[in-house]
4 protein chains.
Amino acid sequence: MHGALNQLPEVPVLVADGVITDPESAKGRLLAASASLFKQKGFARTTVRDIAAEVGILSGSIFHHFPNKESILLAVMSEAISLALARMHKAVEGEQDVVKKFRALVRCELEAIHGFTGVGFTLLSSEWRYLSETSQKEVLKLRDEYESFHRNVYAEAKAQGLIKVEPFFLRHFLRGALAETGHWFHLDGNYSLDELVEQVCLTAALPK
Amino acid sequence: MHGALNQLPEVPVLVADGVITDPESAKGRLLAASASLFKQKGFARTTVRDIAAEVGILSGSIFHHFPNKESILLAVMSEAISLALARMHKAVEGEQDVVKKFRALVRCELEAIHGFTGVGFTLLSSEWRYLSETSQKEVLKLRDEYESFHRNVYAEAKAQGLIKVEPFFLRHFLRGALAETGHWFHLDGNYSLDELVEQVCLTAALPK
Amino acid sequence: MHGALNQLPEVPVLVADGVITDPESAKGRLLAASASLFKQKGFARTTVRDIAAEVGILSGSIFHHFPNKESILLAVMSEAISLALARMHKAVEGEQDVVKKFRALVRCELEAIHGFTGVGFTLLSSEWRYLSETSQKEVLKLRDEYESFHRNVYAEAKAQGLIKVEPFFLRHFLRGALAETGHWFHLDGNYSLDELVEQVCLTAALPK
Amino acid sequence: MHGALNQLPEVPVLVADGVITDPESAKGRLLAASASLFKQKGFARTTVRDIAAEVGILSGSIFHHFPNKESILLAVMSEAISLALARMHKAVEGEQDVVKKFRALVRCELEAIHGFTGVGFTLLSSEWRYLSETSQKEVLKLRDEYESFHRNVYAEAKAQGLIKVEPFFLRHFLRGALAETGHWFHLDGNYSLDELVEQVCLTAALPK
DNA sequence: TATGAATGAGGTTTCATTCAT
DNA sequence: CATGAATGAAACCTCATTCAT
């Protein structure tokens, strides 16, 4: 999946813009390895020695790049959300049709969850509590931006009579439902990502 | 919320049937305290000293009731699912109307998540990875029973043309959406549990 | 020297009064060993493993008695000064002659420095900087009590025309001179403690 | 205080004679910064990164000037004592009056302690134990020269009946008393250096 | 059953030192 | 000479678990 990330055409642009750390730099490789391990074993069970071993350095060297273990989690999380934000904006750019925007958002979030934009997005919820309060606030700013963008599109859909549920509820339901796909849906399984998007829209009774 | 649990009329029955540990026994109080702490701080960050302090004993004494820390988590989880199963069966008992059964299942799961049946249900997903493989298999049996019951009701609804999405997908979506309510919905907030159930059904475009 | 401490007749009284920790208890042995090592190698160079090895336990066990390494230093220091205070009061109790009081104070401080009352007194100056600010304030209260007692006796001597120098200066000079004996004077060497006291008084031109 | 050091007229001479390192050279600035930090925080708590930051270089660069951290301490110490020796010889040069020589020595030592000759002299006692045995021996040669010079002047005073205490004891007492001034006396406080010298002589009952 | 001192493995972090650039 | 990433040993500290009382 890391490989996939590097091959995405927009990555160099995002690196240049400072959205994310260069995945080929030492720090970038550290982040990718950490994200992957945090996802596999959880933050608490992942030791800095594990991370170092994954990258091929010694544990002490990690602290050249990050002041402590928690700051790695913080970096993984804020890069994940920054990347998701950037890709989300690009995905709906210029689109007027609300249904298409809705589908784009769903697809974008699923891509974020399933690693098209690098691991890390799922950690936002599963490892949230391991972030210090200060760090939580920092990430919360980005999350709020992301969430309100979603809610606004849902509100448009509601205004056009395309859905009946309140945007506030719908966003919470969808976030949960999509995050959960991280636990059961596999890209290389029986269903494609597009079929998954389709089932989500079907559930919400959204017209094509 | 613990108090609420104890006041539920069916608790003595469930205790007598061996479904759950007597919440007034030493072991029961240990489980309740553990569940609450695991939910608050996560399994990994909760120390056996924390648990002992919450119950008012010393850390060493815990090991007279449980062989190790993980077995506490296992007990919390299997009691949570057993309780949820028992209450679920009771809730749909004798009911023929599929829509009513669907609503009952949703309500039941929300009650489990929000503590009507004691804390612990949320932990099933959030702390799942801290269970050893052996323990996971043990709990999985109960979860499978629970999950397939849900899927069967959804399949009925599909057969009657009430919903369009595949039961398999719907169950996964719903599980995620409902579990997520644990992070944003509060019983003492602006909305009642019934309103929440209503919004869930609205989202799935389910007729009344 | 530890042995000497235990044989002092007043020790049981002081332990009973809560002035010092029982030197035969686990905590007391830990303190004695720590004080001795801190004196030998300095606080920074003494590892908790060193201390544990000296006492015959494992390093982790130390933290059953003290929350961290610094708190051991704090305890060593406050016990040292508390003990010195107690013995000082006893030494001048009922004495009216200023010259005799002066000699008693000098002797008392030398005894504290050279271990008659347990190691630790010298550390008060040499390892002072390793104490956190909070801990410094705590110990400072005791030190102030000790220092002002000395200054008061010197002021009496000045008032009686026995010395010419200001008490403020004299106390600072004496503290330095006596502390320094810790680096060159040895009880088992060529001179006795009484001869040392005599030389101090000679230097200050104090009549017999 | 560093500024003051550089302005002293004899510094260029001493640099030219190889007594001390040029305080404007890279090595000299490194020594000054180290001495200052060692005094503030102690040798053990001062990191090479601290020193490097103070000088404005990176930690790795330090090792182009010194083979290891301890050698910095050694250099600071031997320069301190060399400088003190040079200034001491100059101060008593041609002086016949023992009382005046005594005063000159006291003043000289106080100047060394309070920074007229650059920080570092106090470290000789406080950080002594952090020197390896080999280094201790090296500095000891210089210290012995310094100490015996003092003792000889005291012996002269004793021979002339000006003091009563043994030179051996007096030197130890004075060293301690003067070193201690580093902890409480401040040049910019209520008393001048000359008043301090006066109080020292008063204490030792030395005639004017 | 409860206690609490002790264990001991393992965690995060620090830091002097090295070395290719 | 300077850099700064990397090293690797060792530091402090945590904590589930044991066991004699």
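Any value given below was found using the heavy atoms of this structure, including those in side chains, with hydrogens, waters and symmetry copies removed.
If you measure from atom CZ of A:Arg45 to atom P of E:dG10, you get 13 Å, rounded to the nearest angstrom. Rounded to whole Å, atom C1' of F:dA6 lies 16 Å from atom NZ of A:Lys27. As a whole-Å value, the separation of B:Phe66 CZ from F:dT18 C1' is 18 Å. Taking atom CD1 on C:Ile72 and atom P on F:dC12, their separation rounds to 9 Å, with Å as the unit. For the pair D:Asp50 CG and E:dC15 P, the interatomic distance rounds to 8 Å; values are reported in whole Å. A straight line from CG of A:Leu30 to P of F:dA5 spans 12 Å, rounded to a whole angstrom. With rounding to whole Å, C:Ile62 atom CD1 is found 11 Å from F:dC13 atom C1'. Protein atom NE2 of D:His65 is 6 Å distant from nucleotide atom P of F:dC1, rounded to whole Å.
Heavy-atom neighbours of B:Gln40 CD from other residues, nucleotides or ligands within 6.0 Å: above the threshold of 12.
The A:Phe63 side chain lies nearest to E:dT12 when the options are F:dC12, E:dT17, E:dT12. Residue B:Ser61 places its side chain closer to E:dA2 than to any other of E:dA2, F:dT17, F:dC12. Side chain of B:Thr47, nearest nucleotide from E:dT12, F:dA16, F:dC12: F:dA16. Considering only side-chain atoms of C:Lys69, the nucleotide from E:dA2, F:dC13, E:dT7 that sits closest is F:dC13.
DNA chain E is contacted by both B:Ser59 and D:Asn68; B:Ser59 maps to the nucleotide lying nearer its 5′ end (nearest heavy atom per residue). In terms of position on DNA chain F, the residue among A:Gly60 and D:His64 whose nearest nucleotide sits closer to the 5' end is D:His64. The residue among B:Glu70 and D:Arg49 whose nearest nucleotide of DNA chain F lies closer to the 5′ end is D:Arg49.
Ion pairing of A:Lys41 with A:Asp50 is present here, as a side-chain N (NZ or NE/NH1/NH2) and a carboxylate O approach within less than 4.0 Å.
Put simply, the side chain of C:Ser82 gets close to the backbone of C:Ser78: a donor and an acceptor are under 3.5 Å apart. Side-chain atoms of B:Glu54 do not come within 3.5 Å of backbone N or O of B:Ser34 as any donor-acceptor pair.
Within the 4.0 angstrom heavy-atom criterion, only backbone atoms of the sugar-phosphate kind lie near D:Thr46; the bases stay farther away. At a threshold of 4.0 angstrom between heavy atoms, the contacts of A:Leu58 include nucleobase atoms, whether or not backbone atoms are also involved.
Nucleotide F:dT21 is matched to E:dA2 when pairs are restricted to Watson-Crick or G-U wobble geometry with both distances under 3.5 angstrom.
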Go through it in stages, so that I can follow the logic: the residues are D:Trp128 and D:Val139, the test is side-chain contact (heavy atoms from CB on, under 4.5 Å), and I'd like the CA-CA distance, side-chain angles, deciding distance and then a yes or no.
CA-CA 10 Å; D:Trp128 184 252; D:Val139 182; 3.8 Å; yes
